[in-house]
Amino acid sequence: MRVPGRFYLSQELMGTLEEGAVTQLANIATLPGICKNSLAMPDIHWGYGFPIGGVGAFTMDEGVISPGGVGFDINCGVRLVATPLHRSDLKEVKTVLQQLYDIVPTGVGTKSCITASDRDLNRIMTEGARWTVDEGYGTERDLLWCEEQGCMEGADISHVSQKARKRGRPQCGTLGSGNHFLEIQCVEEIFDPEAAQAFGIEEGQICIMIHCGSRGLGHQVCTDHLKILEDASKKYHIPLADKQLACAPLKSPEGEAYLSAMACAANYAWANRQMITHLTREVFSRAFSLCAEEMPLVYDVTHNVAKIEEHMVDGKRTMLCVHRKGATRAFGPGTHDLPPGCDTIGQPVIIPGSMGSSSYLLKGTQGAMEKTFGSTCHGAGRVLSRSQAKKMATGESIQETLARNGITVLAPSGGSIAEEAPNAYKPSGEVVKVVHEAGISARVARLNPIGVIKG
DNA sequence: ATGTGC
């Protein structure tokens with residue numbers, strides 16, 4: 001190890017720590033150009049190369065870029081959409097949930113209501129959410145309340161394969177599967193009234209949370225470039241503790257090619273979440289006569305990406321490539337890329353809970369800038385594998401249990417519910433408590449699900 | 001995560 005590995009965990013979560021994930025945290029610290037520490041958030045679990053919940057920052061001169069530090073679902077992320085509705089306005093959740101389920105394509109291999117043309121796809125990959133808004137599916141304001149305004153610089157479509165394009169074309173505007181979801185939630189608790197007001201959130205308010213990523217396109221970009229970077233690791237004589245850490249110097253043609261293809265996939269994911277936002281607004285417009293302006297975006301975060309950012313290292317401003325894999329940016333007050341009116345507050349941070357458990361709205365802090373390259377956790381984090389979870393309970397029994405707690409769940413199959421059982425994940429409240437107490441983000445609000453659409 | 005698997 002070139003630097004120490006550091007993780008954030010509580011006594012309560014110690015039992016969830018997998019040895020393999022700790023090894024992966026150590027492996028990150030062996031890579032060239034690693035800066036200060038390899039880091040793990042309290043939702044750490046075993047992943048491909050990097051652990052999920054892992055953060056690694058690398059210097060531009062000596063450092064590397066690794067697809068294993070981003071994940072297969074490039075720009076998997078979460079957005080929160082507000083409504084003017086109060087919980088008392090939503091007595092019958094089943095009808096509106098069914099309408100959402102009917103309009104948002106859900107599950108593996110599903111196709112969108114629109115198939116993007118080749119020219120559309122070029123714009124989706126270079127302009128991200130801007131494309132969706134320009135097509136009439138959203139407002140200018142949506143872009144302001146989105147990390148990077150929903151578009152990452154440096155996207156070069158020449159590094160995205162035809163295979164990736166073919167998979168991506170029919171999928172813009174689809175939810176996907178696994179832990180991806182669309183939830184109708186209610187703001188249960190406000191911890192920080194000033195920040196909640198700045199973010200446009202109040203107690204009792206109905207919101208919609210959308211969790212999804214770059215679908216088949218991002219997956220294919222990752223697969224394609226892993227192959228290229230496996231060869232590049234040998235070419236540049238980078239010793240790998242694990243083949244899954246395939247990487248290339250940031251300043252190499254192979255490294256730059258991955259970064260530009262990754263940006264294309266990241267932009268696709270933002271266009272995708274924006275399209276799903278539009279579909280959601282269509283349903284609420286019909287059911288409650290609400291226009292898009294009455295359903296503003298609270299914020300949109302990515303939790304699977306690598307970004308070139310400036311950070312203070314030993315008192316010096318330093319450009320770094322920060323890999324966040326199952327980790328969320330949590331920029332504090334006075335940083336750049338904060339949404340309107342949030343300069344003294346910090347960026348909104350959205351932490352989805354597991355099915356049936358609370359999600360959280362946090363804010364970024366100065367502590368995150370000092371300790372974690374402006375990063376925090378991304379969610380609950382798995383404790384049971386999908387196959388283990390499936391053996392514990394049937395989808396139907398989980399659905400019944402949640403229904404008794406007033407939560408309606410719609411999913412393509414019982415199996416997809418069983419894989420995402422609440423007990424397959426760490427308790428989100430405990431994960432959030434750790435990042436709050438460590439000062440790497442701060443609680444603003446807690447939201448509880450009322451209706452869940454699982455992918 | 002994924003047209004789910006060497």
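Scope of the values below: all heavy atoms of this structure, side chains included, with no hydrogens, waters or symmetry mates. In what follows, chains are A, B, ... by sequence order, proteins preceding strands, each numbered from 1.
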Fill in: Gap between atoms OH and P, on A:Tyr48 and B:dT4 respectively (whole Å)
18 Å
Worksheet item: Expressed in angstrom and rounded to an integer, what is the separation of A:His219 atom NE2 from B:dT4 atom P?
Response: 10 Å
Worksheet item: To the nearest angstrom, how far is A:Asp73 atom CG from B:dT2 atom P?
Response: 6 Å
Item to complete: Take atom OH of A:Tyr268 and atom P of B:dT2, then tell me their distance rounded to the nearest Å.
Response: 11 Å
Worksheet item: Is the A:His378-A:His211 ring centre distance short of 6.0 angstrom?
Response: no
Worksheet entry | A:Ser177 side-chain N/O to B:dT2 phosphate OP1/OP2 under 4.0 Å | yes
Worksheet item: Checking all strands, does A:Gly216 fall into the base, sugar-phosphate, or nothing category for heavy-atom contacts under 4.0 angstrom?
Response: sugar-phosphate
Discussion item. When you compare the side chains of A:Gln185 and A:Ser359, does any donor N or O come within less than 3.5 Å of an acceptor on the partner?
Written reply: yes
Item to complete: Assign A:Arg386 to base, sugar-phosphate, or nothing according to its heavy-atom contacts below 4.0 angstrom with the strands shown.
Response: base
Worksheet item: In whole angstrom, what separates A:Lys390's NZ from B:dT4's P?
Response: 13 Å
Item to complete: Send over the distance from A:Leu226 CG to B:dT2 P, rounded to a whole Å.
Response: 16 Å
Worksheet item: Contact class for A:Gly71 (heavy atom, under 4.0 Å): base, sugar-phosphate, or nothing?
Response: nothing
Worksheet item: Within the structure shown, what part of the strands sits under 4.0 Å from A:Gln171 by heavy-atom distance: base, sugar-phosphate, or nothing?
Response: sugar-phosphate
Discussion item. Walk me through whether A:Asn122 and A:Glu127 qualify under side-chain hydrogen bond (donor to acceptor under 3.5 Å, both in side chains).
Written reply: CA-CA 8 Å; A:Asn122 292 345; A:Glu127 297 175 36; over 6 Å; no
Discussion item. Heavy-atom count check: over 12 atoms from other residues, nucleotides or ligands less than 6.0 Å from A:Glu153 CD?
Written reply: no
Worksheet item: Just checking A:Lys111: base, sugar-phosphate only, or nothing, at a heavy-atom cut-off of under 4.0 Å?
Response: nothing
